[in-house]
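What follows is a single structure, written as structure tokens, with notes after it.
Letters A, B, ... mirror the listed sequences (proteins, then strands); counts begin at 1.
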Number of protein chains: 2
Amino acid sequence: MTEIEILAFALNQFADLTPEEFNMSINFWHTKFYKKGDYFNQQKTICRYLGFINEGVFRSYVIDKKTDEEKNIFLYSKNQFVVPFKSFINQTPCDYQTQALTDASILYINIDDLLLLYKKSHKWERFGRLMAQEAFNLTIERMESFVFKTPEERYLDLIKNHPDIFNNIPLYHISSYLGIQGPSLSRIRKRISKL
Amino acid sequence: MTEIEILAFALNQFADLTPEEFNMSINFWHTKFYKKGDYFNQQKTICRYLGFINEGVFRSYVIDKKTDEEKNIFLYSKNQFVVPFKSFINQTPCDYQTQALTDASILYINIDDLLLLYKKSHKWERFGRLMAQEAFNLTIERMESFVFKTPEERYLDLIKNHPDIFNNIPLYHISSYLGIQGPSLSRIRKRISKL
DNA sequence: GTTTAATTTTAACCTAAGTTAAAATCGTAT
DNA sequence: ATACGATTTTAACTTAGGTTAAAATTAAAC
């Protein structure tokens with residue numbers, strides 16, 4: 001399958017968009033390549049693009065003023081949207097920076113074109129609602145993982161559910177995403193290896 | 001102001017609903033009274049009601065299978081919506097139980113009536129989108145509080161931002177909401193009192 | 001007002017993460 | 001192959017929350 005076919009397939013799964021409905025959008029999608037370290041969006045700007053990852057891993061992070069540490073809020077990988085949801089959905093200035101952690105390629109659509117699709121088609125409007133719901137669901141799942149799970153469990157979940165992420169970025173990005181320090185992750189890994 | 005006037009005012013603020021637009025909904029809102037301990041929704045059912053709190057405090061909680069402990073996920077108070085957002089927005093069976101922690105009174109609307117309003121009026125459809133965004137914003141704020149803040153900071157934030165909640169429910173519900181055990185909250189309170 | 005139940009604090013001990021710096025390992029470029 | 005930089009682990013010590021049970025306090029019921 002070509003990249004655009006993969007996207008069409010994914011959107012069909014996600015929002016019940018048929019090939020015809022998807023075709024309405026086909027000229028709006030653009031390809032973009034990222035080198036490791038490149039930015040998808042910068043802090044304090046309003047994010048105007050919705051990305052869909054063909055290949056690679058991205059992170060959204062914030063620099064914690066208290067400690068000067070970078071903290072990873074979300075990780076995104078292949079066949080998923082990449083977008084700082086809060087900024088994109090509310091069209092407010094972004095708290096996060098979103099950066100490629102590997103070389104990457106995405107398809108992206110401009111919010112103006114997306115809004116045009118919402119107007120033209122009921123199914124695309126539905127897509128918009130489902131995307132907001134998806135953002136909500138990802139966020140509440142992550143929130144609940146902090147309430148119910150230990151760092152060790154979050155670590156094991158990540159390996160099980162997102163091997164593509166786990167296998168392609170350094171462990172210090174993982175520990176940040178799990179909400180712990182590097183040495184703590186090392187201890188967890190040691191603990192687990194003894195079982 | 002009467003309760004319905006307060007609601008009208010709040011919805012005007014929230015979604016730019018004028019009195020005329022609000023009036024479309026006026027026959028759909030019902031009053032309900034809760035005694036402390038009564039349930040707004042039960043687990044495993046799909047939540048079909050959106051509540052707006054006139055008076056009182058509610059919590060959504062889950063029983064953690066690992067420890068048999070109740071864990072509070074969300075707290076809701078006066079002049080806010082009360083609803084297990086995930087279930088209501090996605091119309092999926094609810095993971096949470098939502099319970100009045102004090103005697104309470106709410107106005108509520110049925111989802112069928114709400115969907116009718118969405119169909120009839122663009123502004124009400126906007127209301128629906130904004131409500132989903134509000135759910136998202138509340139959730140991401142809570143998620144970020146776990147990433148960036150210590151339990152002590154979360155405690156101080158709650159006192160500052162939600163005194164109506166803090167002053168009306170027992171501390172063991174607060175500690176659960178903060179993600180810590182009762183004795184830990186006591187230690188935090190002692191630490192703070194010495195400053 | 002006294003008793004009872006509910007709530008909060010304390011104590012003692014345990015566990016795991018934070019912190020800092022150094023050592024070990026791994027990758028990559030030359 | 002070697003040397004450099006990046007990444008991961010280890011060590012030693014500190015801090016703070018978890019756990020359990022008991023004591024103290026507060027609120028409610030009779």
Quiz item: Is the A:Y108 ring parallel, tilted or perpendicular to the A:Y49 ring (thresholds 30°, 60°)?
Solution: perpendicular
Quiz item: Where does the angle between the aromatic ring planes of A:Y61 and A:Y39 fall among parallel (under 30°), tilted (30 to 60°) and perpendicular (over 60°)?
Solution: tilted
Self-check item: Contact nearer the 5' end of DNA chain D, comparing B:S184 with B:K36
Solution: B:S184
Exercise. Could you check which of C:dA11, D:dT7, C:dT8 has an atom nearest any side-chain atom of B:P183?
Key: C:dA11
Self-check item: Along DNA chain D (nearest heavy atom to each residue), the more 5'-positioned of B:T150 and A:I169
Solution: A:I169
Exercise. Give the rounded distance in Å between these two atoms: CD1 of B:I188 and C1' of D:dG18.
Key: 12 Å
Exercise. Let me know the distance between CD of B:E70 and P of C:dT7, rounded to the nearest Å.
Key: 12 Å
Exercise. Give the rounded distance in Å between these two atoms: NZ of A:K149 and P of C:dA16.
Key: 19 Å
Quiz prompt | Closest to the A:K190 side chain, choosing from D:dT20, D:dT10, D:dT7 | solution = D:dT10
Exercise. Quick one: sort the B:F127 and B:Y118 rings into parallel, tilted or perpendicular, breaks at 30° and 60°.
Key: tilted
Practice problem: Check whether any side-chain nitrogen or oxygen of B:R187 sits under 4.0 Å from OP1 or OP2 of C:dT9, and answer yes or no. | Solution: no
Practice problem: Please state whether the phosphate of C:dT9, meaning OP1 or OP2, lies under 4.0 angstrom from any side-chain nitrogen or oxygen of B:R191. | Solution: no
Exercise. Calculate the interatomic distance between B:R189 atom CZ and D:dA24 atom C1'; express it in whole Å.
Key: 14 Å
Practice problem: Give A:P151 one of three labels, base, sugar-phosphate or nothing, depending on what nucleic acid heavy atoms sit under 4.0 Å from its own. | Solution: sugar-phosphate
Quiz item: Parallel, tilted or perpendicular for B:F40 and B:Y34, by the 30°/60° rule?
Solution: tilted
Quiz item: For the pair made of OH in A:Y172 and C1' in C:dC26, what is the distance, rounded to whole Å?
Solution: 13 Å
Quiz item: According to a strict under-4.0 Å criterion, is B:Q181 in side-chain N/O contact with OP1 or OP2 of D:dT19?
Solution: yes
Exercise. Using whole Å, report how far CG of B:L185 lies from C1' of C:dT7.
Key: 12 Å
Quiz item: What's the CD1-P distance between A:I180 and D:dT8, to the nearest Å?
Solution: 13 Å
Quiz item: Ring centres of A:F166 and A:Y155 under 6.0 Å apart?
Solution: yes
Practice problem: Can you tell me the distance, in whole Å, between the CD atom of B:E69 and the C1' atom of D:dT19? | Solution: 10 Å
